[in-house]
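What you see below is based on every heavy atom in this structure, not just the backbone, and it leaves out hydrogens, waters and symmetry mates.
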2 protein chains.
Amino acid sequence: MQAIDPTAHSPGACQAREVLDRVGDKWSLYVISQLGSGTKRFNELKREIDGISQRMLTVTLRGLERDGIVTRTMYPVMPPRVEYSLTDLGRTLLETVGTFVRWAEENLDQIEAARARYDARAGEIEAFG
Amino acid sequence: MQAIDPTAHSPGACQAREVLDRVGDKWSLYVISQLGSGTKRFNELKREIDGISQRMLTVTLRGLERDGIVTRTMYPVMPPRVEYSLTDLGRTLLETVGTFVRWAEENLDQIEAARARYDARAGEIEAFG
DNA sequence: CTGTATCCAAATCGATACTG
DNA sequence: CAGTATCGATTTGGATACAG
């Protein structure tokens, strides 16, 4: 790929970081990934994304909605029903996120192994160095 | 893409998050992106990655080295010379990161527009709602 | 040049309690 | 059900000083 060159001060490269910060965080990645399989309700997402708190799901969904990546549809019934789904823009992002998540899954073993080697070496140095 | 299903408790899906956390953060993305154009020295990276502090560059590089994504080569000369480059694993990640960063750059305008709309609507509600 | 160590401020996040 | 509000703990990150 083309390396990003901040020295060029192209508006795109400088502001892209802000986008990556928002959309590249752990929970956003998982919300986008989950919404890839269709429209979901709030608690449905909460159940499916292991370990996310209500607060973080709310915050993440608001951010993605603000960025035009998910839509929020509220049905004024009792009890309330709110549905989330990807926008067109969100679906283009889904492709990218997908390859990223798959990369992580596919290379887990290699990374774990690398970590083990690194930690073992660090331990050695601490003990005998 | 395939949605991640934490309820399945597949070892890959559950631990992939840990990998994404490390490799998906802001600074890692930029370090990987920069190293895509070749081997770099510490201060070279620091200059090229706008806004990164010495501390965060060190922390980020250590993490990526631990995960087997970058190699660190130290030349015992005075003054010290340390070179960083991507491993084979790192180069496979570069592809993925590249599409991600490009997505952010290419869709910056759409996202900014969406944010402006969202914020305008929120302002309205605050003022007249 | 390439770091490490320390301190402190700010952001993040989870838990909990409460609301329409 | 789908949130909001608040609080305290943890994490993160920048600034600074120092070292091989």
> Within the pair A/Arg81 and D/dA2, is there a side-chain N or O less than 4.0 Å away from OP1 or OP2?
Replying inline: no
>> D/dC1, OP1 or OP2 - any side-chain N/O from A/Tyr84 closer than 4.0 Å?
In response: no
>> Could you tell me how far apart A/Arg41 (CZ) and D/dA2 (C1') are, to the nearest whole angstrom?
In response: 9 Å
> What is the distance, rounded to the nearest whole Å, between atom CZ of A/Arg47 and atom C1' of D/dC1?
Replying inline: 11 Å
>> Closer than 3.5 angstrom, by distance alone: can the side chain of A/Arg41 be matched with the main-chain N or O of A/Tyr84 as a donor-acceptor pair?
In response: no
>> Please evaluate residues B/Arg115 and A/Arg22 with respect to the criterion side chain to side chain contact (heavy atoms under 4.5 Å, CB included), reporting the C-alpha separation (whole Å), side-chain torsions for both, the decisive distance (0.1 Å), and the verdict.
In response: CA-CA 12 Å; B/Arg115 286 183 184 174; A/Arg22 267 251 54 270; 3.6 Å; yes
> Just by distance, with hydrogens left out, do B/Glu83 and B/Tyr75 show a side-chain donor and acceptor under 3.5 Å apart?
Replying inline: yes
>> Salt bridge check, A/Asp119 against B/Arg66: does any charged N sit closer than 4.0 Å to a carboxylate O?
In response: yes
>> Please check: side-chain N/O of B/Thr87 versus main-chain N/O of B/Ile69, any donor-acceptor pairing under 3.5 Å?
In response: yes
>> Return whichever of B/Glu44 or B/Arg55 has its heavy-atom-nearest nucleotide of DNA chain C closer to the 5' end.
In response: B/Glu44
>> Mind checking if B/Tyr75 touches a base, just sugar-phosphate, or nothing, with heavy atoms under 4.0 Å?
In response: nothing
> So, B/Ser28 and B/Thr60: side-chain donor and acceptor under 3.5 Å apart, yes or no?
Replying inline: no
> In this structure, which one of A/Lys40, A/Gln34, A/Lys26 forms a side-chain contact (heavy atoms from CB on, under 4.5 Å) with A/Ile49?
Replying inline: A/Gln34
> Quick one: A/Asp21 CG to C/dT12 P, roughly how many Å, whole number?
Replying inline: 9 Å
> Can you check the B/Gln54 CD to D/dT16 P distance for me, whole Å?
Replying inline: 13 Å
> Given atom NZ of A/Lys26 and atom C1' of D/dT12, what is their separation to the nearest angstrom?
Replying inline: 14 Å
>> Without decimals, in angstroms, what is the distance between A/Leu57 CG and D/dG3 P?
In response: 8 Å
>> Check this for me: does any side-chain nitrogen of one of A/Glu44 and A/Lys46 sit under 4.0 Å from a carboxylate oxygen of the other?
In response: no
> Bend across the helix from C/dC1-D/dG20 to C/dG20-D/dC1, to 10°, with axes taken over 5 pairs at each end?
Replying inline: 50°
> To the nearest Å, how far apart are A/Lys40 NZ and D/dG3 P?
Replying inline: 16 Å
> Counting side-chain heavy atoms from C-beta on, which of D/dG14, C/dT2, D/dC1 comes nearest to A/Pro79?
Replying inline: D/dC1
>> For residues A/Tyr118 and A/Leu108: do they belong to one hydrophobic cluster (side chain heavy atoms under 4.5 Å, members Ile, Leu, Val, Met, Phe, Trp, Tyr)?
In response: no
> Near DNA chain D, which residues from residues 58-74 of chain A have a heavy atom under 4.0 Å away?
Replying inline: A/Thr58, A/Arg62, A/Arg72
>> How many whole angstroms separate atom CE of A/Met56 from atom P of D/dT11?
In response: 15 Å
> So which one's nearest nucleotide on DNA chain C is more toward 5', A/Pro80 or A/Ile52?
Replying inline: A/Ile52
